[in-house]
Amino acid sequence: MRAQLARVDAVLVQALIAASLSFAHLHDIASAAGQDGRKAWAYPISVDLLLVAAWRRLRSGEAKASGWCWFVIALTASLGANVATAGLLDLTHVPAWLRILVAGWPAVAFLGGTLLAHTTSTPPDNNLDVIEDQEETPEPTPEPPAPPALEAPPQRPAVSVPAALIDHARKVAADHHTRTGTPIDTPTLRARLGVPAPMAEAIAAQL
């Protein structure tokens, strides 16, 4: 943990040293180009803010071309001031082209900062709105199926019984009533006559 803090502190110290030196160089260039007083202090702040805005755009992963463009512009301004103040430029006799660049820098920095801060990188996807509308639309509830119609029990076809068999059945029924004292039932009648169940029911209905 301490080693990590030491590395972080070293990076911060290095960044502060580089920023202070670059700040001083930009201030000296602006002052030598005729932008004295508080204006000379505003120039390094403008360059550093443009560098930070471009770096944030690069870190976001969106519109990298725009981010790299303005990052290179701000870095060139910072490096140019550092090189110019290293003895390569006579600050007492600043050339006219440098005065023009310094005077035009605020407009360039304003344009770059505005584009980096307020440019929409990716247009909204209209397909997402369509999908959300489809998701919000409730699906129609299916109607329950109608219950199946009850089928009527099939009617048994009428069984024709010969008259002789009816007479015989009456005798069997009378004999059963004489012996048991109760009317004969259909299963007993069917067993005594030896006929199928439908025919036994038809005979019992006629007795």
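- To the nearest 0.5 Å, atoms CG (Leu111) and CG (Leu115) are separated by 4.5 Å.
- At most 12 heavy atoms of other shown residues, nucleotides or ligands fall within 6.0 angstrom of atom CZ in Arg56.
- Nearest heavy-atom pair, Ala30 versus Val102, reported as atom, atom and distance to 0.1 Å: CA-CG1, 4.1 Å.
- Cluster membership check: Phe71 does not share its hydrophobic cluster with Val52, using side-chain heavy-atom separations under 4.5 Å among Ile, Leu, Val, Met, Phe, Trp and Tyr.
- Considering only heavy atoms from C-beta on, Val108 stays 4.5 Å or farther from Leu50 through its side chain.
- By the side chain to side chain donor-acceptor pair (under 3.5 Å) test, Thr182 pairs with Thr180, sequence neighbours left out.
- Looking at residues two or more places apart in sequence or on another chain, you find no ring-ring contact (aromatic ring centres under 6.0 Å, His included) involving Trp55.
- Nearest heavy-atom pair across Ala173 and Ile184 is CB-CG2, 3.6 Å.
- Between Leu75 and Leu51, the shortest heavy-atom contact is N-CD2, 3.7 Å.
- Under the side chain to side chain donor-acceptor pair (under 3.5 Å) criterion, Ser31 pairs with no residue at all, not counting sequence neighbours.
- Qualifying salt bridge (Lys or Arg N to Asp or Glu O under 4.0 Å) partners for Arg170, counting only residues two or more places apart in sequence or in other chains: Asp167.
- The two atoms that bring Ala40 and Pro44 nearest to each other are O-CD, 3.0 Å, heavy atoms only.
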Sequence neighbours left out, cut at 3.5 Å: what donor-acceptor pairs do the side chains of residues 186-194 make with other protein atoms?
from   : atom 1 : to     : atom 2 : distance (Å)
Thr188 : OG1    : Asp185 : OD1    : 2.4
Arg190 : NE     : Val195 : O      : 3.3

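- In this view, Arg179 and Asp175 satisfy the salt bridge (Lys or Arg N to Asp or Glu O under 4.0 Å) rule, not counting sequence neighbours.
- Judged by distance alone, the side chain of Ser46 and the main-chain N or O of Ala42 form no donor-acceptor pair under 3.5 Å.
- Two residues are said to be in side-chain contact when any heavy atoms from C-beta on lie closer than 4.5 Å; Trp105 and Val47 meet this criterion.
- In this structure, Leu26 and Ser78 approach most closely via the heavy-atom pair CD2-CA, 4.2 Å.
- Considering every non-hydrogen atom in both Leu116 and Trp70, the closest pair reads CD1-CB, 3.9 Å.
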